[in-house]
There are 2 protein chains.
Amino acid sequence: MTRIFFVSLIPIRPEGPSGPPSERSDAARNRERLLEAARDLVAEHGADALTMDMLACRANVGKGTVFRRFGSRAGLMMTLLSDAEAEFQQLFIFGPPPLGPGAPAAERLIAFGEARIAYIDRNGELARAAEHSPHNRHEAPPAQLWHRHIEMLLREAGVGDPWLTASFLLSVLDPERVLYALRTQGVELGRLQAGWREFAGRLLARPDARD
Amino acid sequence: MTRIFFVSLIPIRPEGPSGPPSERSDAARNRERLLEAARDLVAEHGADALTMDMLACRANVGKGTVFRRFGSRAGLMMTLLSDAEAEFQQLFIFGPPPLGPGAPAAERLIAFGEARIAYIDRNGELARAAEHSPHNRHEAPPAQLWHRHIEMLLREAGVGDPWLTASFLLSVLDPERVLYALRTQGVELGRLQAGWREFAGRLLARPDARD
DNA sequence: AAGCTAAACGGACTGCGGTCCGCTTTGTAT
DNA sequence: ATACAAAGCGGACCGCAGTCCGTTTAGCTT
């Protein structure tokens with residue numbers, strides 16, 4: 001049985017550049033200024049070093065404006081990530097196997113983790129900062145989508161309690177943890193991915209393997 | 001081959017009540033005051049609501065004193081947990097099987113996770129706060145001990161890259177995640193433990209099962 | 001008992017994320 | 001052109017973790 005998910009694909013953030021309420025011109029101008037300044041600051045000093053005051057100052061904008069636009073520091077980081085995130089989503093939902101549909105669940109799960117780890121290796125600091133919110137946390141739209149995706153794969157593979165198991169697997173792929181391994185512990189990207197392959201492979205290994 | 005680990009068992013915190021440099025009397029008095037005040041505040045309002053100013057005020061002590069004693073908020077929480085933590089350590093190192101030595105690795109791992117989840121259900125807020133440090137994080141003595149323990153079990157079970165796999169499993173048992181499932185998502189303790197049983201069980205299932 | 005020194009003390013201060021609210025700008029209705 | 005509401009703006013303000021440094025005190029020495 002095929003489940004159809006009504007997935008809103010791109011809208012990582014609720015509002016696109018031109019929403020129905022039609023953004024006021026000064027607001028649009030300020031949003032551009034802020035995004036440009038934020039990208040510059042991240043490029044120069046890294047995501048962790050970016051402070052909201054610094055950003056407001058650089059963009060010649062009041063601090064209140066920054067928070068009205070993005071809600072929080074995490075929301076800003078989310079916005080900065082949205083392009084990369086949308087691309088990643090495309091790949092595992094519509095892309096070619098084994099990441100996209102067409103491959104067996106076990107292979108798709110392995111590919112998902114490998115791709116996610118590579119993603120974190122590239123965009124990890126932003127991703128980590130995007131989750132560092134007192135509220136939200138694991139409730140951001142992308143996280144929910146990953147969860148549903150993995151849950152579906154696990155159900156396909158006949159794992160009991162796929163929902164909970166998906167949570168477990170997402171813990172392993174948490175940017176905080178993955179970055180800690182990559183940066184602080186100095187684990188090589190390849191080793192991490194190989195570890196995931198064995199981990200996920202064992203988890204979905206069918207005792208009655210036959211193919 | 002049996003590996004012998006020189007494990008310093010109790011010292012979750014570096015210094016005990018009577019260290020060699022012999023604590024000054026006023027310092028000892030203030031430490032007691034602070035611990036009592038901290039326990040009261042946690043009992044009254046929960047660990048998350050405890051602020052360092054509040055604690056200093058309640059203990060009739062300067063803020064600087066609080067930080068000299070515990071280093072950080074996380075350090076304070078660590079200290080408050082040290083008794084429960086030491087007890088937990090005793091159980092999985094010296095206690096009866098299946099948690100303690102004597103049972104097969106797979107069973108010990110399952111028991112470890114179940115015990116850890118129950119522990120987090122009891123002391124989770126403190127444990128989560130104890131890890132919420134900008135520095136340290138996964139480097140606190142207890143976490144290293146758990147890691148070595150799980151690593152040993154995985155090696156015994158013939159898992160490749162036991163070190164990395166142990167990191168993965170500890171991600172799943174992270175207080176942040178477990179508490180989120182228990183409190184925010186409303187997952188029942190029993191379901192969480194059952195999920196872990198299946199998860200860890202699958203992971204260590206030997207394809208050539210014979211016993 | 002008096003003097004001395006290192007340890008301990010306390011609270012003002014900093015930096016940061018986030019909020020609030022009185023003022024300004026924009027787009028529209030007349 | 002003018003008036004007017006609402007959306008937007010900005011920066012003073014708050015709470016909190018953590019630091020700094022001038023002052024106090026415990027406990028040893030003589």
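Letters A, B, ... are given to chains in the order of the sequence lines, protein chains preceding strands, and every chain is numbered from 1. Computed from a predicted model, the values in this text were never measured in an experiment.
By the salt bridge (Lys or Arg N to Asp or Glu O under 4.0 Å) test, B:Arg122 is found to be paired with no residue, residues two or more places apart in sequence or in another chain being considered. Partners of A:Glu151 by salt bridge (Lys or Arg N to Asp or Glu O under 4.0 Å), not counting sequence neighbours, listed by chain and number: A:Arg155. For A:Glu156, the side-chain contact (heavy atoms from CB on, under 4.5 Å) partners at least two apart in sequence or on another chain are A:Ala105, A:Leu153. Partners of A:Arg128 by salt bridge (Lys or Arg N to Asp or Glu O under 4.0 Å), not counting sequence neighbours, listed by chain and number: A:Asp48. Under the side-chain contact (heavy atoms from CB on, under 4.5 Å) criterion, B:Glu87 pairs with no residue, sequence neighbours left out.
The outermost nucleotides of DNA chain D lying under 4.0 Å from heavy atoms of chain B, listed 5' to 3', are D:dC16 to D:dG27.
Closest approach of B:Met54 and B:Ala49 over heavy atoms only: CE-O, 3.4 Å. In terms of heavy-atom proximity, A:Val159 sits nearest to B:Glu198 at CG1-OE2, 3.7 Å. For the residue pair A:Leu81 and A:Ala130, the shortest heavy atom distance occurs at CD1-CB, 4.4 Å.
The side chain to side chain donor-acceptor pair (under 3.5 Å) pairs that include a residue from residues 163-173 of chain A are A:His147-A:Ser167, where partners are two or more places apart or lie in different chains.
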Would you tabulate the side-chain donor-acceptor contacts of residues 34-46 of chain A under 3.5 Å, counting partners in other chains and residues two or more places apart, or write 'none'?
residue, atom, partner, partner atom, Å
A:Glu44, OE2, A:Arg58, NH2, 2.6

For residues 109-120 of chain A, tabulate all N or O donor-acceptor pairs below 3.5 Å that involve a side-chain atom, not counting sequence neighbours.
residue, atom, partner, partner atom, Å
A:Glu114, OE2, A:Arg197, NH1, 2.2
A:Tyr119, OH, A:Glu85, OE1, 3.0

Using a 4.0 Å cut-off on protein heavy atoms (strictly under), produce a 5'-to-3' string for nucleotides 24-30 of chain C with B for base contact, S for backbone-only sugar-phosphate contact, and - for none.
-BSS---
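Using cut-offs of 30° and 60° for the angle between ring planes, the A:Trp196 and B:Phe168 rings count as perpendicular.
Two residues are said to be in side-chain contact when any heavy atoms from C-beta on lie closer than 4.5 Å; B:Glu131 and B:Met78 fail this criterion.
When rounded to the nearest whole Å, the span between CZ of A:Arg69 and C1' of C:dG17 equals 19 Å.
Residues from residues 42-51 of chain A with heavy atoms under 4.0 angstrom of DNA chain C, sorted by number: A:Leu50, A:Thr51. Listed by residue number, the members of residues 54-68 of chain A with any heavy atom below 4.0 angstrom from DNA chain D are A:Val61, A:Gly62, A:Lys63, A:Gly64, A:Thr65, A:Arg68.
Across the interface with DNA chain C, nearest-nucleotide mapping of B:Ala28 and B:Asp53 shows B:Ala28 to be the residue nearer the 5′ end.
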